[in-house]
Amino acid sequence: MTEHQSRLRLHDTATRETRDFVPLQPGKAGIYVCGLTVQSEPHVGHVRSAVNFDVLRRWLEASGYEVDFIRNVTDIADKILAKSAEQGVHWYALAQRMQRELDKALASINVLPPTYEPAATGHVPEIVDLVQQLIAAGHAYAADDGSGDVYFDVRSYPEYGDLTRQRVDDMEPAGDADPRGKRDPRDFALWKGHKAGSEPATAAWPSPWGPGRPGWHIECSAMAGKYLGPAFDIHGGGVDLRFPPPENEQAQSRAAGRPFASYWLHNAWITTAGEKMSKSLGNSLLVPSVLERVRGIELRYYMVSAHYRSHVEFSFEALDEAASAFRRLEHFLERATDLLGEVPTGGMPCADFVTAMDDDLGTPAAVAAIHEVVREGNRALASGDAAAVRGSAASVRAMLGVLGLDPADPAWPTAGGSDRLTGVVDSLVQGLLAERAAAREAKDWARADAIRDQIKAAGIEVEDTPTGPKWSV
RNA sequence: GGUGGGUUGGCCGAGAGGCGAGGCAACGGACUGCAAAUCCGUCUACACGGGUUCAAAUCCCGUACCCACCUCCA
């Protein structure tokens, strides 16, 4: 694939403009993505974020960058403690179980594992270190109410609010702790003192301020610094993370003398009936449940066919439509494979696709470009132009690959069960198809259609092609 | 109270001053014994009211409605 590193443009939420991506080091890109707080089963909204940044990563790699992709897991937080207490399980057991669920969900939609996935609990020394730096710099203070909390001093950092253009005076006060220990109600906790009565002893780590645990999204500042250095290229997360965390992360980091991220990317929500999914009830939108209706690759196509900064109103109708649109692409590749034996890898994305992706990851336009190439390919298929089919198919495969949607990617579970089972079904279907062929030969159309209906009733579609009938599940 | 985003054809979903994204559905045609698949064609939309301009879905002003964020939810 050609390298065109200078042409990518990204929308930076911090400056609210789309500008050329200029990496700190030529040919390299360091990305930090705010991962999940592992407190509950992953739903489609959670995985959208992962898919969006997975596409960013794949496009950077396809464009010739060497990508360092760090995505954290927050495995200690108020909510984890609260939910585990409700369920009567250890907080770490809950966090671990949810992390496995998340891994499974992400694998099912072909999200590449990050280069490294640091967990908050594994980085307490780095966090303590950062908090100490902030105190030394005069931007944080230990509460003097004996709580063991440490707060970021919002008033000490004049740039606080810049990222989201808010003035400290207009903000609502933080409700994360008893305001008595704070100098200003907007100050937020960097470190939370252990509450011996109400919190498990396992949820505390030693610190200069007594036993406690990481507060706020301080772990992101600390871990991004550890693995990507004081300055790195891209920070990604959901829009909800637009006000507090980046603001705080940036404040935490810059106040400690670290430049932090050059570009801030934020994906928009998936909502249901206007309601943010994290608040919606029921589990019909949990990833495993959605995957009972469509395949992982189809769910991923649905997500990729909307721009990452556009709000998506989730609906099963739209999901089904996306699935049929995807099958059109997939079907072309199948037919091309039948003709060519196999579709070569290493094809070239078409120019429209490249332009679309370079323009702030314009996946909708990129998908439209794929459809155009598929149309050309189908025409070539109809006219029996094998060379043209090869070119189109290889290109389609390459483009789908960038979006993580190559049906031939071994990351996808093989459809229709094992090869052995496929063989069994094939021999049964072939028997019926032979009967149908005989009936057609005899122009006994009623008999031929009855056989086709019988096969269809078993969930198998038959289509007649120039080279004979083909069946698919 | 503060901040940001949105409203596009039957549906989903791009675009961001002129040159009709794309998909799904529907309809017509080609192909087919009939289908399926595929191809060709049809369906000329931008919340509302003003304004700027030779030209506005796109810019400006106003209105309505929706959504999100404002302390730990992607």
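Heavy-atom basis, side chains included; hydrogens, waters and symmetry copies ignored. Residue numbers begin at 1 in each chain, while the letters A, B, ... track the order of the sequences.
- No contact: A/R48 has no heavy atom under 4.0 Å from any strand.
- B/rC59 is paired with B/rG51 under the Watson-Crick or G-U wobble criterion, all donor-acceptor distances under 3.5 Å.
- When each of A/V38 and A/S305 is assigned the nucleotide of RNA chain B with its nearest heavy atom, A/S305 is the one assigned upstream, toward the 5' end.
- Side-chain contact annotation: A/Q39 with A/K79, donor-acceptor N/O pair under 3.5 Å absent.
- At B/rA14, one or more side-chain N or O atoms of A/S310 fall inside 4.0 Å of OP1 or OP2 (strictly under the cut-off).
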Yes or no on salt bridge (charged side-chain N to carboxylate O under 4.0 Å, His left out) for A/R71 and A/D54, after CA distance, side-chain angles and deciding distance?
-> CA-CA 11 Å; A/R71 186 183 63 219; A/D54 189 52; over 6 Å; no
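- Base pairing of B/rC65: its partner is B/rG6, meeting the Watson-Crick or G-U wobble criterion (both donor-acceptor distances under 3.5 Å).
- When both distances must be under 3.5 Å, the Watson-Crick or G-U wobble mate of B/rG28 is B/rC40.
- Here A/Q39 lies in heavy-atom contact (under 4.0 Å) with sugar-phosphate atoms only.
- Taking atom P in both B/rC11 and B/rG51, the straight-line distance is 30 Å, to the nearest Å.
- No engagement by A/V33 is indicated, since no non-hydrogen atom pair under 4.0 Å with the nucleic acid exists.
- No contact: A/A77 has no heavy atom under 4.0 Å from any strand.
- Across the P atoms, B/rC66 and B/rU8 are found 15 Å apart, a figure rounded to whole Å.
- At the heavy-atom level, A/T37 lies under 4.0 Å from the strands shown only through sugar-phosphate atoms.
- Ion pair A/D149/A/K195 not flagged as a salt bridge, since none of the NZ, NE, NH1 or NH2 atoms sits closer than 4.0 Å to an Asp/Glu carboxylate oxygen.
- The same atom, C1', is picked in B/rG23 and in B/rC65; the two are 28 Å apart, to the nearest Å.
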What string of B, S and - do you get for nucleotides 22-28 of chain B, 5' to 3', when a contact is any protein heavy atom under 4.0 Å?
-> SBB----
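- Straight-line distance between the C1' atoms of B/rC59 and B/rA68: roughly 26 Å, to the nearest whole Å.
- Heavy-atom nearest nucleotides on RNA chain B were determined for A/N378 and for A/L36, and the one closer to the 5' end corresponds to A/N378.
- If you take atom C1' in B/rA45 and the same atom in B/rA14, they sit 13 Å apart, rounded to whole Å.
- Residue A/N267 places no side-chain N or O under 4.0 Å from the OP1 or OP2 atom of B/rA74.
- Across all strands shown, B/rG1 pairs with B/rC70; the Watson-Crick or G-U wobble distances both stay below 3.5 Å.
- Taking the P atom of each, B/rU52 and B/rG15 are spaced 29 Å apart, rounded to whole Å.
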Do any N or O atoms of the protein come closer than 3.5 Å to N or O atoms of nucleotides 31-33 of chain B, and which pairs are they?
{"residue": "B/rG33", "atom": "N7", "partner": "A/R440", "partner atom": "NH2", "Å": "3.4"}
{"residue": "B/rG33", "atom": "O6", "partner": "A/R440", "partner atom": "NE", "Å": "3.3"}
{"residue": "B/rG33", "atom": "N1", "partner": "A/D449", "partner atom": "OD1", "Å": "3.0"}
{"residue": "B/rG33", "atom": "N2", "partner": "A/D449", "partner atom": "OD2", "Å": "2.7"}

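- Separation of the C1' atoms belonging to B/rG28 and B/rU63 is 43 Å when rounded to the nearest angstrom.
- Taking only side-chain nitrogens and oxygens, A/K79 comes nearer than 4.0 Å to OP1 or OP2 of B/rC73.
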